[in-house]
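Below is one structure, written out as structure tokens; the observations come after it.
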Amino acid sequence: MPGKKSEQELKDEEMDLFTKYYSEWKGGRKNTNEFYKTIPRFYYRLPAEDEVLLQKLREESRAVFLQRKSRELLDNEELQNLWFLLDKHQIPPMIGEEAMINYENFLKVGEKAGPKCKQFFTAKVFAKLLHTDSYGRVSIMQFFNYVMRKVWLHQTRIGLSLYDVAGQGYLRESDLENYILELIPTLPQLDGLEKSFYSFYVCTAVRKFFFFLDPLRTGKIKIQDILACSFLDDLLELRDEELSKESQETNWFSAPSALRVYGQYLNLDKDHNGMLSKEELSRYGTATMTNVFLDRVFQECLTYDGEMDYKTYLDFVLALENRKEPAALQYIFKLLDIENKGYLNVFSLNYFFRAIQELMKIHGQDPVSFQDVKDEIFDMVKPKDPLKISLQDLINSNQGDTVTTILIDLNGFWTYENREALVANDNENSADLDDT
């Protein structure tokens with residue numbers, strides 16, 4: 001038929017039209033594309049290991065940035081001036097020994113205190129500190145402590161960030177080790193430590209941070225998490241030259257505490273090879289942990305030729321000394337979960353309790369029925385599934401420390417089993433002391 005186009009000609013015509021319309025469309029969007037160029041860049045690739053110059057530039061720019069942020073903080077003189085202004089603008093009457101200030105004077109102090117203080121003198125901060133005062137005032141001391149705490153947090157964040165080699169907002173184990181090592185000379189409570197012990201002290205201190213703040217064992221901790229927990233407060237408490245003996249004993253970071261933990265390790269290491277075998281670890285505490293539990297420790301934890309080093313031992317101690325804490329329960333739960341199912345069932349409970357029953361026989365005690373103990377455990381935990389106990393069930397029950405102690409330690413089980421007699425005995429002793 002004359003005039004009819006072939007299939008190839010139709011395809012070529014279609015392509016020509018497409019090219020024409022696409023070119024027109026693309027040309028018409030030229031102005032829009034120009035607009036896209038004004039969007040600020042938000043992603044910057046980290047320099048590779050071999051890009052030494054770029055790494056150095058990044059490191060220097062971060063140092064300058066942190067120095068600038070440090071200069072924005074209130075120094076001691078400025079803090080003293082702030083306290084003077086607050087005291088000058090107090091509004092009577094005092095509450096006990098607490099000087100108070102109302103919102104009007106609060107704003108006046110904010111105007112006089114200078115630009116660095118502007119962030120603290122807001123309605124939000126005032127409302128946060130306002131409690132039950134009938135005159136609508138806040139405590140000057142509470143406000144000043146609030147400012148001091150904020151300044152301390154920012155100073156500490158900057159200090160920690162200087163050790164953040166990657167510049168990603170987290171510290172690796174080596175970064176935190178360097179931070180604590182350089183902090184030691186500034187802590188009067190550690191003045192008596194021998195320099196030869198520094199490496200063991202740093203290992204002991206760093207381990208607590210990583211055990212509790214790095215549950216997934218990624219090898220790094222967010223600086224934000226370090227600031228949010230109380231560990232840094234405990235560590236910096238060692239600046240106090242008058243720290244009581246009781247406070248030192250309960251503070252993991254104190255010299256007596258670190259020496260106690262390391263001394264225990266040395267005492268357990270009978271062959272003095274710097275490592276602990278299962279037999280050596282069995283003497284830990286009251287030497288009444290079951291072999292079944294110890295077997296699981298050496299199966300699951302990092303060992304070297306079947307022996308445990310000091311770092312692995314520290315994790316073990318932190319778990320057993322803090323059994324109420326979720327991180328410690330997670331550590332022990334993993335050992336109890338022999339089938340790696342994510343829960344404890346009757347089989348796994350029986351597996352561990354059989355070893356307790358065997359130790360009872362060895363020590364001449366009448367074995368307790370597993371059925372009774374199993375029922376008590378499920379009654380204490382009250383799991384969502386009546387046949388399975390998950391880690392979350394254990395944490396939610398607030399009985400995780402008791403349950404784990406019953407299953408792994410004969411002395412712990414005996415204490416639990418005789419708790420009523422022990423309480424009665426304590427009461428009798430108290431009464432005898434009162435009589436005297």
Review point. Is the closest side-chain donor-acceptor distance between Gln299 and Arg296 under 3.5 Å?
Key: yes
Review point. Distance only, no hydrogens: is a donor on one side chain within 3.5 Å (strictly under) of an acceptor on the other, for Tyr416 and Glu376?
Key: yes
Check your understanding: Are Glu14 and Lys11 within salt-bridge range, i.e. N to O under 4.0 Å?
Key -> no
Exercise for review: Can you spot which of Tyr170, Phe253, Trp252 makes a ring pair (Phe, Tyr, Trp, His ring centres under 6.0 Å) with Phe209?
Suggested key: Phe253
Check your understanding: In terms of heavy-atom contacts, does CD of Gln155 have more than 12 from other residues, nucleotides or ligands at under 6.0 Å?
Key -> yes
Practice item. Working to the nearest 0.5 Å, report the span between CD of Glu325 and CD1 of Ile395. Key: 10.0 Å
Review point. So Phe370 and Leu349, side chain to side chain contact (heavy atoms under 4.5 Å, CB included) or not? Walk me through it.
Key: CA-CA 9 Å; Phe370 167 69; Leu349 297 181; 3.9 Å; yes
**Study point:** Carboxylate-amine/guanidinium proximity below 4.0 Å for Asp75 and Lys116
**Key:** no
Exercise for review: Tell me yes or no: between the side chains of Asn273 and Glu307, is some donor less than 3.5 Å from an acceptor?
Suggested key: yes
Check your understanding: Atom CG in Leu329, atom CG in Asp393: separation rounded to 0.5 Å?
Key -> 12.0 Å
Exercise for review: Can you see which heavy atom on Ala205 is nearest to which on Ile180, and at what distance?
Suggested key: CB-CD1, 3.9 Å
Check your understanding: Hey, is Arg207 close enough to Glu177 for a salt bridge, meaning N to O under 4.0 Å?
Key -> no
